[in-house]
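Each chain gets a letter, A, B and so on, in the order its sequence line appears, and its residues count up from 1. The structure presented is a predicted model; accordingly, all values stated were derived computationally and were not measured.
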There are 2 protein chains.
Amino acid sequence: MRDEKGMDVTPPRMERPHTGRRRNEAARRAILDAALRLLTESDGTPVTVDAIARAAGVGKQTVYRWWPSKGAVLLDALIDQAGQEVPSPETGSLRDDLHAFITATFDGAQRPPSAPALRALVREAAHDVHLAEMMRAFTATRRAALQDLLARGRDGGELPEDADLGLIIDQIYGVFWYRFLLGHAPLDHAAADRLTDSVLRGPVS
Amino acid sequence: MRDEKGMDVTPPRMERPHTGRRRNEAARRAILDAALRLLTESDGTPVTVDAIARAAGVGKQTVYRWWPSKGAVLLDALIDQAGQEVPSPETGSLRDDLHAFITATFDGAQRPPSAPALRALVREAAHDVHLAEMMRAFTATRRAALQDLLARGRDGGELPEDADLGLIIDQIYGVFWYRFLLGHAPLDHAAADRLTDSVLRGPVS
DNA sequence: CCTTGACGAGACTAACAGTCTCGGTACAAA
DNA sequence: TTTGTACCGAGACTGTTAGTCTCGTCAAGG
């Protein structure tokens with residue numbers, strides 16, 4: 001059994017309320033806070049579970065009792081901090097909705113402490129199948145939101161009937177991740193403006 | 001001193017030709033071949049240096065005598081196999097040149113044994129600063145080639161004078177890497193067609 | 001034939017993920 | 001109050017891997 005974040009929240013047993021000591025909420029918070037701090041301060045070297053446990057003043061087993069892997073802790077810490085959803089706006093204009101979506105995406109990833117933590121998380125995901133799958137699921141929900149937004153615009157006649165929405169989505173998230181991970185070009189508001197116009201109208205300025 | 005691949009080719013000493021036993025060319029080939037084979041057959045688990053050395057019938061120190069890190073061996077093996085350059089075509093039509101470039105890029109990464117090896121290499125680069133820098137340098141040359149192609153088209157009046165070439169490049173390589181690494185959508189010729197038209201003329205079909 | 005440096009083999013160190021165990025502690029039911 | 005259960009911090013332990021070091025050997029030249 002897993003909650004909306006993919007975390008394990010299976011109760012110890014069905015049909016028996018609970019016996020014994022309860023989960024220490026302070027320890028949970030300390031672990032998430034320590035994980036986020038280490039993720040944020042990571043200078044490229046991987047964040048270790050020992051370091052998280054030590055920084056949280058917690059035994060390593062307490063981490064593994066509540067999370068299935070290191071990646072799960074890191075992802076949970078980042079989601080916890082992100083405050084969740086970027087709302088999908090509905091202004092009635094495809095151009096405005098899309099521009100708001102792209103700007104929010106760029107801003108959300110750009111502002112500290114998200115940026116270094118997210119980069120560190122991607123590095124971890126490269127070697128952690130478990131974490132990679134969780135991130136794939138998380139990003140799929142964002143792609144779906146963008147798909148809805150574009151489909152509304154197409155139905156409203158602001159995009160050709162046979163427009164390739166999947167390609168537009170991949171152009172937007174492709175540019176985002178490519179620039180975010182390589183860091184060779186900015187993800188500022190000017191870039192969001194130009195990307196919005198480019199995917200809707202081509203390279204005309 | 002490094003050659004065009006970033007490999008260490010520093011001679012042992014200046015001003016002294018060479019004494020002692022020479023480098024075993026057969027061992028070099030065996031290492032590169034073994035590395036490529038393991039990279040190709042990798043099922044997601046990382047390729048280890050011990051495995052490369054064992055498969056090549058070579059001591060591990062022989063690997064580290066000629067390459068600075070595991071990542072360097074893997075990158076060298078892939079470059080060695082790629083046969084190098086995708087030529088930049090010049091048909092006189094921006095659309096045709098760009099389409100050829102994109103198709104060649106998609107095909108080059110797609111056909112085995114490149115695809116699994118390249119994906120494994122990206123995974124390694126996530127934890128290997130040395131390798132990440134080499135890959136950045138390698139991809140920068142491809143971006144530069146694409147930039148030249150687009151600049152020619154712009155100078156020929158096939159793109160607006162103030163078109164954002166950097167954004168077009170990032171849309172192309174962004175879509176490529178995003179789809180290549182996530183694998184949620186194909187990188188076939190149809191996709192190349194649509195991407196070419198999309199970056200040049202917007203979502204009209 | 002002697003010096004130099006590459007070679008195969010493999011021991012060794014240092015990290016790190018994840019498991020296991022221990023003595024102790026909170027909580028609730030009996 | 002007693003007793004059983006599950007969580008707690010601590011840290012030992014296993015297994016894997018990158019990279020280093022050392023050994024005895026082998027080839028190329030002076």
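- Between the P atom of dG19(D) and the CG atom of L131(B) lies a distance of 11 Å, rounded to the nearest Å.
- For H127(A) and dA15(C), the NE2 to P distance is 18 Å, given to the nearest whole Å.
- Proximity of R22(B) to the phosphate of dG29(D): a side-chain N or O atom is located under 4.0 Å from OP1 or OP2.
- Look at CH2 on W67(B): it is 14 Å from P on dG19(D), rounded to the nearest Å.
- The existence of a salt bridge linking D80(A) and R29(A) is confirmed by a sub-4.0 Å separation between a basic side-chain nitrogen and an acidic carboxylate oxygen.
- Centroid-to-centroid, the aromatic rings of Y178(B) and H184(B) come within less than 6.0 Å.
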Heavy-atom protein contacts under 4.0 Å, nucleotides 17-22 of chain C, coded B base, S sugar-phosphate only, - none: SBBB--
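- For the OP1/OP2 pair of dG4(D) and a distance below 4.0 Å, the side-chain nitrogens and oxygens of T19(A) include no atom meeting the criterion.
- Just one of R37(B), R123(B), E124(B) meets the side chain to side chain contact (heavy atoms under 4.5 Å, CB included) condition when paired with S42(B); it is R123(B).
- Geometrically, R28(A) does not engage W66(A) in a cation-pi contact defined by less than 6.0 Å to the ring centre and at most 45° from the axis.
- Considering only side-chain atoms of R21(A), the nucleotide from dG8(C), dC7(C), dA6(D) that sits closest is dA6(D).
- Per the geometry, CZ belonging to R28(A) stands 12 Å off P belonging to dC8(D), to the nearest Å.
- Distance I31(B) CD1 to dA9(C) C1': 14 Å, rounded to the nearest Å.
- Classification of D50(A) and K70(A) as a salt-bridged pair fails, no side-chain N sitting under 4.0 Å from a carboxylate O.
- Looking only at side-chain heavy atoms (C-beta outward), Q171(A) and L195(B) come within less than 4.5 Å of each other.
- To the nearest angstrom, P of dC7(D) lies 6 Å from CZ of R65(A).
- You'll find the side chain of E158(B) stays beyond 4.5 Å of the side chain of L200(B), heavy atoms only.
- In this entry the distance linking CZ of R54(A) with C1' of dC8(D) reads 18 Å, nearest Å.
- In this structure, N24(A) atom CG and dC27(C) atom C1' are separated by 13 Å, rounded to whole Å.
- The phosphate of dG5(C) (OP1 or OP2) has no side-chain N or O of W66(B) nearer than 4.0 angstrom.
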